[in-house]
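Since the structure comes first, as structure tokens, the remarks are kept for the end.
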Amino acid sequence: MANTIKLTFTEDEAEILVDALDSDLEGYEEAAKEARGNNRRAEVATFTEAADRIRAVRDRIRQAIGQD
């Protein structure tokens, strides 16, 4: 199990994090789509897993600030 780190952010800072994660997520989703189109299965799996993890973190932050 991964170590847990506790951080404190203002709501504005949390919204900045959500925006940054959304941008990062878009990049990984686009990379997965491109890899899928080029039949690079290992890359598809890697980029999809990264996108899923980013989405999970983003959604946890959204829930914490009432954006769900």
Side-chain angles (χ1 to χ4, degrees):
M1 177 157 172
N3 292 333
T4 300
I5 300 171
K6 295 196 181 266
L7 303 170
T8 304
F9 297 102
T10 66
E11 190 169 328
D12 286 344
E13 291 168 335
E15 288 173 3
I16 290 168
L17 286 172
V18 168
D19 289 345
L21 289 168
D22 279 336
S23 294
D24 203 29
L25 176 61
E26 288 175 17
Y28 278 102
E29 289 175 333
E30 185 62 33
K33 182 179 175 181
E34 184 179 315
R36 193 173 293 111
N38 292 322
N39 202 29
R40 297 188 307 245
R41 291 186 178 133
E43 289 181 17
V44 171
T46 298
F47 294 140
T48 300
E49 181 182 342
D52 291 344
R53 293 178 74 185
I54 291 166
R55 191 176 295 108
V57 172
R58 180 206 58 195
D59 292 348
R60 286 182 65 196
I61 296 170
R62 279 185 172 165
Q63 183 180 15
I65 61 175
Q67 286 189 354
D68 46 348

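Neither Tyr28 nor Val44 shares a network with the other; the hydrophobic side chains, linked directly or stepwise wherever heavy atoms of I, L, V, M, F, W or Y lie under 4.5 Å apart, form separate groups for each. Neither Ile61 nor Ile16 shares a network with the other; the hydrophobic side chains, linked directly or stepwise wherever heavy atoms of I, L, V, M, F, W or Y lie under 4.5 Å apart, form separate groups for each.
Contact check for Glu15 versus Gln67: side-chain heavy atoms found under the 4.5 Å cut-off. With a 4.5 Å cut-off on side-chain heavy atoms, Asp24 and Arg58 do not count as touching.
In this structure, Arg60 CZ and Gln63 CD are separated by 9.0 Å, a value rounded to the nearest 0.5 Å. Expressed to the nearest 0.5 Å, how far CZ of Arg40 lies from OG1 of Thr46 amounts to 11.0 Å. To the nearest 0.5 Å, atoms CG (Leu17) and CZ (Arg62) are separated by 12.5 Å.
Considering every non-hydrogen atom in both Leu25 and Ala51, the closest pair reads CD1-O, 3.3 Å.
Within a 6.0 Å radius of CZ in Phe47, other residues, nucleotides and ligands contribute more than 12 heavy atoms.
The salt bridge (Lys or Arg N to Asp or Glu O under 4.0 Å) contacts involving residues 45-54 comprise Asp52-Arg55, where partners must be two or more places apart or lie in separate chains.
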